[in-house]
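Here is the structure we will look at, set down as structure tokens.
All values below come from the heavy atoms of this structure, side chains included, with hydrogens, waters and symmetry mates left out. Numbers restart at 1 for each chain; the letters A, B, ... are given by sequence-line order, proteins then strands. It should be emphasised that the depicted structure is a prediction, and the values quoted were computed from it without experimental measurement.
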There are 2 protein chains.
Amino acid sequence: MAPANAAVKIPVEMPVVEKRVRNRAATEQAILDAAKRLLAEEGFQNFGINAVARGAGCDKQLIYRYYGGLDGLVEAIGTDLGSWVTDRIPDDTGGMFLLTYGDLMERLSMLFLDALRADPLMRRIVAWEVSENSEQVRRLSEARSKALAGWIERMRGSLAPPKGVDAQAVNAMIFAAIQHIVLASAVSDQCSGLALKNGRDWEKAATALKRIVRGVYG
Amino acid sequence: MAPANAAVKIPVEMPVVEKRVRNRAATEQAILDAAKRLLAEEGFQNFGINAVARGAGCDKQLIYRYYGGLDGLVEAIGTDLGSWVTDRIPDDTGGMFLLTYGDLMERLSMLFLDALRADPLMRRIVAWEVSENSEQVRRLSEARSKALAGWIERMRGSLAPPKGVDAQAVNAMIFAAIQHIVLASAVSDQCSGLALKNGRDWEKAATALKRIVRGVYG
DNA sequence: CCAATCTGTCACCGATCGGTGATTAGCAAG
DNA sequence: CTTGCTAATCACCGATCGGTGACAGATTGG
């Protein structure tokens with residue numbers, strides 16, 4: 001990538017062109033990977049057929065042929081997404097004994113917070129969900145929330161929320177807070193005046209979150 | 001240049017063209033209004049020079065002349081935004097006596113929730129904030145958070161948060177939850193499995209929110 | 001061997017984008 | 001009326017977008 005004479009145009013053709021092998025499965029995977037990578041790194045703003053084709057190093061025609069266009073490609077991403085929770089979030093209690101519903105929710109909150117912070121693709125998708133209402137996004141959103149709900153159900157086991165508390169609504173609030181705070185931190189390192197840069201900042205955020213959980217569930 | 005026999009052109013002009021008056025101030029206002037309207041109704045996705053010019057019914061050149069381009073126009077929106085809080089959110093206690101910090105935060109939460117639900121422009125801007133990191137958005141974000149912080153400070157009066165609680169972090173969580181839940185409801189009528197459609201749904205959400213506030217601040 | 005099929009590439013379309021120079025049209029002072 | 005200023009429009013540019021039809025090269029079955 002560093003020719004001695006930095007002329008504007010390269011006069012000779014690239015000698016070794018990395019001859020593209022004829023392999024449909026590999027190409028499909030390359031397209032899917034490029035799409036996920038692009039979405040994670042660049043966001044949904046400039047996410048389009050041309051960009052994905054460029055990223056995958058192939059012609060956009062193949063995206064139409066193999067995935068039926070962007071819609072099909074996004075749907076394929078959504079299918080992959082189903083395994084996100086099981087991949088990125090531990091499915092056990094981490095050796096802890098979750099005796100109360102409060103224990104459970106505190107742990108779920110921390111796991112979800114860390115997992116979301118660590119996954120740029122998922123962050124972009126969440127941001128997409130609250131920014132657009134297309135069919136594409138609805139599919140993604142559905143796949144994500146279904147996987148998430150399944151995970152919570154699995155972790156919950158036989159623990160029941162305390163009487164007199166609308167656990168569904170409260171939990172929605174808690175997860176909403178986590179999602180928004182992680183999204184905000186990813187673009188501006190802060191949220192509502194709260195710095196979210198280094199580990200200590202996140203310690204404070206996590207503490208506040210646990211405080212909230214414990215305040216409701218004891 | 002302008003032959004009388006313009007065969008391809010439309011033969012009859014639009015009968016009443018609403019003859020445009022030469023009035024710079026009015027045009028500037030029309031542009032600003034169109035920009036705010038477009039952003040509120042269509043979102044930031046298709047927000048651009050051409051769209052605003054179309055919406056304002058003038059040539060895009062005028063946007064460059066009067067606002068120095070989209071950036072300046074967005075900045076003008078941000079300036080307007082400063083008065084959002086004072087316009088849309090009551091600045092008094094609504095006749096209540098806020099005796100404790102918990103009273104205060106409960107009331108602030110409700111006010112902010114209702115105000116955000118009622119303001120599509122502000123919702124779009126919040127969604128924009130968590131989706132993009134351009135200079136434009138940073139300006140908007142700053143103006144918004146500054147106005148919000150000022151409002152909170154004004155309402156707070158001399159009430160101090162209880163010792164042992166990181167009020168800044170906890171409040172950031174609460175406001176994050178409100179923002180995310182309102183954004184989600186605006187595009188999909190739900191959030192994390194919690195329906196957010198009719199008034200009863202919102203009652204439940206508000207109750208959960210108050211529960212959280214009271215759980216932390218008593 | 002030929003022919004059909006599959007993978008991949010290329011060229012091109014119309015539409016829209018952001019942006020800019022040149023031009024027209026209304027108004028007021030001289 | 002003429003002159004000058006300015007609001008407003010028009011015409012055009014290159015770039016990029018999503019989308020499609022035609023074509024080239026490899027693979028495979030007969």
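Rounded to an integer number of Å, the gap from Ile31(B) CD1 to dA7(D) P is 12 Å. One atom, CG of Leu70(B), and another, C1' of dG19(C), lie 11 Å apart when rounded to the nearest Å. In this structure, the CD atom of Glu28(A) is 14 Å from the P atom of dC6(C), given to the nearest Å. Rounded to whole Å, atom P of dT16(C) lies 8 Å from atom CZ of Arg54(B). If you measure from atom CG of Asn46(B) to atom P of dC17(D), you get 15 Å, rounded to the nearest angstrom. Taking atom CD1 on Ile63(A) and atom C1' on dC17(D), their separation rounds to 13 Å, with Å as the unit. The separation between Asp59(A) atom CG and dG21(D) atom C1' is 12 Å, rounded to whole Å.
The environment of Glu142(B) atom CD is sparse: at most 12 non-hydrogen atoms of other residues, nucleotides or ligands sit within 6.0 angstrom.
Out of dC6(C), dG19(C), dA25(C), the shortest distance to the side chain of Ile49(B) is found at dG19(C). The side chain of Lys60(B) sits closest to dG18(C) out of dG18(C), dG18(D), dT7(C). Comparing dT20(D), dG19(C), dT9(D) against the side chain of Leu62(B) picks out dT9(D) as the nearest. When distances are taken from the side chain of Gln61(B) to each of dT9(D), dC17(D), dA7(D), the shortest belongs to dT9(D).
In this model, the phosphate group of dG18(C) is not approached by any side-chain N or O of Tyr64(B) to a distance below 4.0 Å at OP1 or OP2. Side-chain N/O atoms of Arg24(A) include none lying less than 4.0 angstrom from OP1 or OP2 on dT5(C). Between Thr27(B) and dA8(D), a side-chain N or O to OP1/OP2 separation shorter than 4.0 Å is present. Between Asn50(A) and dT16(D), a side-chain N or O to OP1/OP2 separation shorter than 4.0 Å is absent. Checking the phosphate oxygens (OP1, OP2) of dG21(C), no side-chain nitrogen or oxygen of Arg65(B) falls inside 4.0 Å. Side-chain nitrogen and oxygen atoms of Arg22(B) include none within less than 4.0 Å of the OP1 or OP2 phosphate oxygen of dC27(C).
Formation of a donor-acceptor pair under 3.5 Å by the Ser188(B) side chain with backbone atoms of Ser185(B) is not found in this model. The main-chain N or O of Ala115(A) is never found under 3.5 Å from a side-chain atom of Asp119(A) such that the two would form a donor-acceptor pair.
Cation-pi geometry between Arg117(A) and Trp202(A) is met: the NZ or CZ atom falls under 6.0 Å from the ring centre, inside 45° of the normal.
Residue order along DNA chain D, read from the 5' end via each residue's closest nucleotide, puts Tyr66(B) first among Gly69(A) and Tyr66(B).
For the side chain to side chain contact (heavy atoms under 4.5 Å, CB included) with Leu38(A), the lone residue among Val52(A), Asn46(A), Leu121(A) that qualifies is Val52(A).
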